[in-house]
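Contents: one structure, followed by commentary.
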Amino acid sequence: MFKGEYSHSVDAKGRIIMPAKFREILGDMFVVTKGLDGCLFVYPNDEWENIENKFREIPLTTKDARKFSRFFFAGAADCEVDKQGRVLIPSVLREFAGLNKEVVLVGVLNRIEIWSKERWQENEYDDMDEIAEHMAALGLGI
């Protein structure tokens with residue numbers, strides 16, 4: 001399980017340091033793709049395989065499913081950590097997420113989210129009480 005928040009920089013070659021706690025779970029190879037809300041999603045290979053299997057079951061007659069699968073899978077890239085703990089994020093993904101200088105890596109259960117620091121700071125959590133009520137209705141009370 002991924003958890004925590006880490007701040008790092010993007011170097012001149014487009015690499016970021018993957019926190020050691022995340023590397024322990026990710027292994028050397030993993031998948032990075034376009035995420036929601038303007039960030040990138042990072043999945044360990046076994047979790048990515050689960051996602052692929054779920055998408056294989058969705059009928060192609062569903063327009064939203066086709067559109068979302070194109071968005072999600074066309075942007076996907078296999079990535080690996082180098083000996084210094086850095087990951088090269090493909091330029092198309094860096095552009096999508098606005099990753100220029102400072103980034104924030106956030107552990108969210110089965111995935112890591114990579115945010116530009118600016119976008120991460122724009123997230124507002126003023127409505128958490130209301131959202132918590134909705135989550136409780138889904139059976140996710142805390």
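Every heavy atom of this structure was used, including side-chain atoms; hydrogens, water molecules and symmetry mates were not.
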Query raised in the report: Is Ile51 reachable from Val32 through a run of I, L, V, M, F, W or Y residues, each pair having side-chain heavy atoms under 4.5 Å apart?
Result: yes
Query raised in the report: Could you give the distance from CG (Leu40) to CH2 (Trp115), rounded to the nearest 0.5 Å?
Result: 10.0 Å
Query raised in the report: Is it true that atom CG of Asp129 has more than 12 heavy atoms of other residues, nucleotides or ligands lying nearer than 6.0 Å?
Result: no
Report task. Say whether Val92 and Leu36 are linked into one hydrophobic cluster, either directly or through other cluster members, by side-chain heavy-atom distances under 4.5 angstrom. Result -> yes
Report task. Measure the spacing between CH2 of Trp120 and CD of Glu5 and express it to the nearest 0.5 Å. Result -> 5.0 Å
**Report entry** Heavy-atom donor-acceptor pair, Arg94 side chain to Ile89 backbone, under 3.5 Å
**Finding:** yes
Requested in this report: Go through the steps to decide whether Val87 and Val42 satisfy the test side chain to side chain contact (heavy atoms under 4.5 Å, CB included), and finish with yes or no.
Outcome: CA-CA 11 Å; Val87 177; Val42 181; over 6 Å; no
Requested in this report: List the atom of Pro19, the atom of Leu105, and the distance in Å for their closest heavy-atom pair.
Outcome: CD-CD2, 3.9 Å
Query raised in the report: Between CG of Asn110 and CD of Glu47, what distance do you get to the nearest 0.5 Å?
Result: 4.0 Å
Query raised in the report: So Arg70 and Lys67, side chain to side chain contact (heavy atoms under 4.5 Å, CB included) or not? Walk me through it.
Result: CA-CA 5 Å; Arg70 281 192 293 269; Lys67 190 172 184 177; 4.2 Å; yes
Report summary line: Smallest heavy-atom separation, Ala77 atom then Leu93 atom, equals CB-CD1, 4.3 Å
**Report entry** Cys39 SG to Leu99 CG distance, which is reported to the nearest 0.5 Å
**Finding:** 9.5 Å
Report task. Answer yes or no: does atom CG of Asp127 have more than 12 heavy-atom neighbours from other residues, nucleotides or ligands under 6.0 Å? Result -> yes
Requested in this report: Keeping the roles fixed (side chain from Arg23, backbone from Val81), state whether a donor-acceptor pair exists under 3.5 Å.
Outcome: no
Requested in this report: Examine Val106 and Leu26 and state if one hydrophobic cluster contains both, with Ile, Leu, Val, Met, Phe, Trp and Tyr joined whenever side-chain heavy atoms are less than 4.5 Å apart.
Outcome: no
Query raised in the report: So with a 6.0 Å cut-off around CD of Glu130, is the heavy-atom count from everything else above 12?
Result: no
Query raised in the report: Does some side-chain heavy atom of Glu52 sit less than 4.5 Å from a side-chain heavy atom of Phe73?
Result: yes
**Report entry** Flag, side chain of Arg66 to backbone of Leu60, donor-acceptor distance under 3.5 Å
**Finding:** yes
Report summary line: Looking only at heavy atoms, the pair that brings Gly4 and Phe22 closest together is O-CZ, 4.2 Å
Query - Donor-acceptor pair, side chain of Asn45 and main chain of Met29, under 3.5 angstrom - result: yes
Query raised in the report: Which value, rounded to the nearest 0.5 Å, describes the distance between Glu95 atom CD and Lys34 atom NZ?
Result: 10.0 Å
**Report entry** Trp48 and Phe72 aromatic centres sub-6.0 Å
**Finding:** yes
Query raised in the report: Does CG in Asp64 sit with more than 12 non-hydrogen atoms of other residues, nucleotides or ligands closer than 6.0 Å?
Result: no
Query - Linked, directly or transitively: Val103 and Phe2 (ILVMFWY side chains, under 4.5 Å) - result: yes
Query raised in the report: Between atom CD1 of Ile112 and atom CZ of Phe41, what is the distance when rounded to the nearest 0.5 Å?
Result: 12.0 Å
Report task. List the atom of Ala65, the atom of Ile58, and the distance in Å for their closest heavy-atom pair. Result -> CB-CG2, 3.2 Å
Query raised in the report: In terms of hydrophobic clustering (I, L, V, M, F, W, Y; side-chain heavy atoms under 4.5 Å; direct or indirect links), are Leu88 and Ile16 co-clustered?
Result: no
